[in-house]
A.B. asks: 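Encoded as structure tokens, here's the structure I'll be asking about.
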Amino acid sequence: MTRKVGQLFAQFVDFSNLYRAWVKARQGTGWNTETRQFCFQLERELLSLQTELETGDYKPQDFRFFTIRDPKHRIISVAPFRDRVVHHALVQILMPIFEPSFIYDSYATRVDKGTHKAIVRAQGFVRRYQWYYKLDIEQFFATIQHDVMISAISHKIKDKRLLQMIEAIIRHPQLAQGLPIGNLTSQFFANIYLNQMDHLIKEQFQVKGYLRYMDDFVLFSDDKGLLKQQVEELEVYIENELKQRIKPSARCLNRSHQGLSFLGMRIFPSLLRHCPANRQRSLQRIKSKLEAYERGFITEQQMTDSIQCSWAHLHYFAS
């Protein structure tokens, strides 16, 4: 039986926790106007936020929406800066509780994981197994069910006040269902949402070759028929328990030696290649940052950081 953890709310609203959350929230903001205004009177802002949280007066504010195509059409939801501080404060409390329950081969938004390690791990499985079945969930973030999400969290958390805060964030008035792409809490909650599926695959299906990066996941086996059977059972679980479905157009059952397309790479037993579309997007991203700097839309430091990030990804697996 899962041991539930209580008495967390005081840790959540503790000033030191909010301060550490502010430090993390300000990273990558480029010190925009909203961030500077909050930081100008930092102690007052944090104390005000602490009081609102303690009294129950805190309410998440409206998101700011914008659309990207990289390569999929996505609507990104940006929370106000003070809400992002709350998100970081919450995740700092929940992370140590949920992290030990995650399987080893879940790689998204986790400390000491990430895309590079996921790609290397996938190549290890490609070398070891003859077949793979690659899948992802259709419109994953948009179709996350709030009741299912809250239930998954409450399996480990019994602190009523903290659960009320979590529910207020999940059931944001601008969203009838789903979680907003772009929020730290959404990424963290998504791992909790799919954690039971991970354990089903690893423990009940006893799949040794399996890894997941957010809602993209791959099962490996030497038995093609067994893979088909496992995915059929998995589809039933996803539809009945998660209230979602596997994206039909993204299903790919293939021999490992013919290569696996995963996280922007073509993965072969002895070779890694950037997918042409992914390489082109990275180069286009570098070009757009240069143009934004020349027009004065971003600082030199922002341009440099972005280009170094894109170049590092291209160079990491360059042959």
Side-chain angles (χ1 to χ4, degrees), residues 65 67-77 102-103 105-109 114-115 118-119 121-122 125-126 129 131-149 152 175-183 186-202 204-205 207 209-221 224-256 258-267 274-278 280-281:
F65 297 101
T67 303
I68 65 169
R69 190 172 184 84
D70 190 23
K72 299 177 183 177
H73 178 88
R74 300 180 189 273
I75 298 176
I76 305 299
S77 309
F102 295 154
I103 66 167
D105 283 312
S106 168
Y107 287 88
T109 65
T115 56
I119 290 166
R121 182 68 162 171
F125 287 143
V126 164
Y129 297 100
W131 293 88
Y132 69 81
Y133 212 141
K134 179 177 176 289
L135 308 153
D136 73 35
I137 295 176
E138 188 168 40
Q139 295 185 334
F140 172 60
F141 279 98
T143 59
I144 285 176
Q145 303 298 305
H146 292 169
D147 289 344
V148 176
M149 182 76 265
L175 300 169
Q177 70 170 19
L179 294 179
I181 298 175
N183 283 4
S186 298
Q187 299 169 39
F188 179 70
F189 290 160
N191 273 338
I192 298 175
Y193 199 81
L194 294 179
N195 188 42
Q196 194 59 43
M197 182 189 78
D198 293 339
H199 284 279
L200 173 76
I201 293 169
K202 295 292 293 182
Q204 291 186 232
F205 294 177
V207 178
Y210 167 73
L211 77 162
R212 177 175 65 81
Y213 190 95
M214 201 51 70
D215 62 315
D216 293 331
F217 50 100
V218 193
L219 290 76
F220 297 85
S221 178
K224 178 182 178 182
L226 179 61
L227 270 182
K228 287 183 176 181
Q229 177 188 332
Q230 289 167 338
V231 170
E232 287 176 3
E233 294 179 28
L234 187 58
E235 282 187 284
V236 174
Y237 171 83
I238 290 172
E239 291 181 9
N240 292 343
E241 301 299 326
L242 302 183
K243 311 303 180 185
Q244 296 180 305
R245 72 176 194 137
I246 291 175
K247 186 176 181 180
S249 62
R251 301 165 64 110
C252 182
L253 174 63
N254 202 357
R255 289 188 177 276
S256 296
Q258 293 183 348
L260 163 67
S261 294
F262 187 58
L263 299 179
M265 302 294 295
R266 286 287 293 163
I267 303 171
H274 285 279
C275 292
N278 183 63
Q280 186 59 39
R281 283 196 303 275

A.B. asks: List in chain and number order the residues that pass side chain to side chain contact (heavy atoms under 4.5 Å, CB included) with Glu233, two or more places apart in sequence or in another chain; answer none if no residue qualifies.
C.D. replies: Phe205, Gln229
A.B. asks: Enter the distance from Ile103:CD1 to His199:NE2 here, rounded to the nearest 0.5 Å.
C.D. replies: 7.0 Å
A.B. asks: Taking all non-hydrogen atoms of both residues, which atom of Leu253 and which atom of Leu227 are closest, and how far apart?
C.D. replies: CD1-CD1, 4.0 Å
A.B. asks: Answer yes or no: is there a donor N or O on one side and an acceptor on the other, between the side chain of Tyr193 and the main chain of Phe141, under 3.5 Å?
C.D. replies: no
A.B. asks: Between Ser256 (side chain) and Tyr129 (backbone), is there a donor-acceptor pair under 3.5 Å?
C.D. replies: yes
A.B. asks: Taking only residues two or more places apart in sequence or in another chain, which ones pass side-chain hydrogen bond (donor to acceptor under 3.5 Å, both in side chains) with Tyr107?
C.D. replies: Asp105
A.B. asks: A side-chain contact here means heavy atoms from C-beta on lying under 4.5 Å apart; do Leu234 and Phe217 qualify?
C.D. replies: yes
A.B. asks: Mind checking what makes salt bridge (Lys or Arg N to Asp or Glu O under 4.0 Å) contact with Glu138, not counting sequence neighbours?
C.D. replies: Arg245
A.B. asks: Testing the basics here: between Arg255 and Tyr132, what is the closest heavy-atom pair and its distance to 0.1 Å?
C.D. replies: O-CE2, 3.7 Å
A.B. asks: Quick one: side-chain hydrogen bond (donor to acceptor under 3.5 Å, both in side chains) partners of Ser221, sequence neighbours excluded?
C.D. replies: none
A.B. asks: Under the salt bridge (Lys or Arg N to Asp or Glu O under 4.0 Å) test, which residues partner Glu239, sequence neighbours left out?
C.D. replies: none
A.B. asks: Roughly how far apart are Arg212 CZ and Leu135 CG, rounded to 0.5 Å?
C.D. replies: 13.0 Å
A.B. asks: Identify, with sequence neighbours excluded, every residue that meets ring pair (Phe, Tyr, Trp, His ring centres under 6.0 Å) alongside Phe125.
C.D. replies: Phe220
A.B. asks: Can you name the residues that form a side chain to side chain contact (heavy atoms under 4.5 Å, CB included) with Ala142, not counting sequence neighbours?
C.D. replies: Gln139
A.B. asks: If you take all heavy atoms of Asp215 and Ile137, which pair is closest and at what distance?
C.D. replies: OD2-O, 3.2 Å
A.B. asks: To the nearest 0.5 Å, how far apart are CG in Asn195 and CG in Leu200?
C.D. replies: 11.5 Å
A.B. asks: Indicate the atoms forming the closest heavy-atom contact of Met214 with Gln187, along with that distance.
C.D. replies: CE-O, 3.9 Å
A.B. asks: Kindly write out the residues that satisfy side chain to side chain contact (heavy atoms under 4.5 Å, CB included) with Ser77, not counting sequence neighbours, or none if the list is empty.
C.D. replies: Phe63, Phe65, Pro180
A.B. asks: Distance from Leu260 atom CG to Arg266 atom CZ, nearest 0.5 Å?
C.D. replies: 7.5 Å
A.B. asks: Can you name the closest pair of heavy atoms from Ala152 and Ile192 and give their distance?
C.D. replies: CB-CG2, 4.0 Å
A.B. asks: Who passes side-chain hydrogen bond (donor to acceptor under 3.5 Å, both in side chains) against Asn183, sequence neighbours left out?
C.D. replies: none
A.B. asks: What residues form a side-chain hydrogen bond (donor to acceptor under 3.5 Å, both in side chains) with Tyr133, not counting sequence neighbours?
C.D. replies: Arg251
A.B. asks: Which distance, rounded to the nearest 0.5 Å, do you find between the CZ of Phe188 and the CG of Leu179?
C.D. replies: 12.5 Å
A.B. asks: Tell me whether Lys202 contacts the main-chain N or O of Val207 through its side chain, where contact means a donor paired with an acceptor under 3.5 Å.
C.D. replies: yes
A.B. asks: For Glu241, enumerate each residue passing the side chain to side chain contact (heavy atoms under 4.5 Å, CB included) test, keeping only those at least two apart in sequence or located in another chain.
C.D. replies: Tyr237
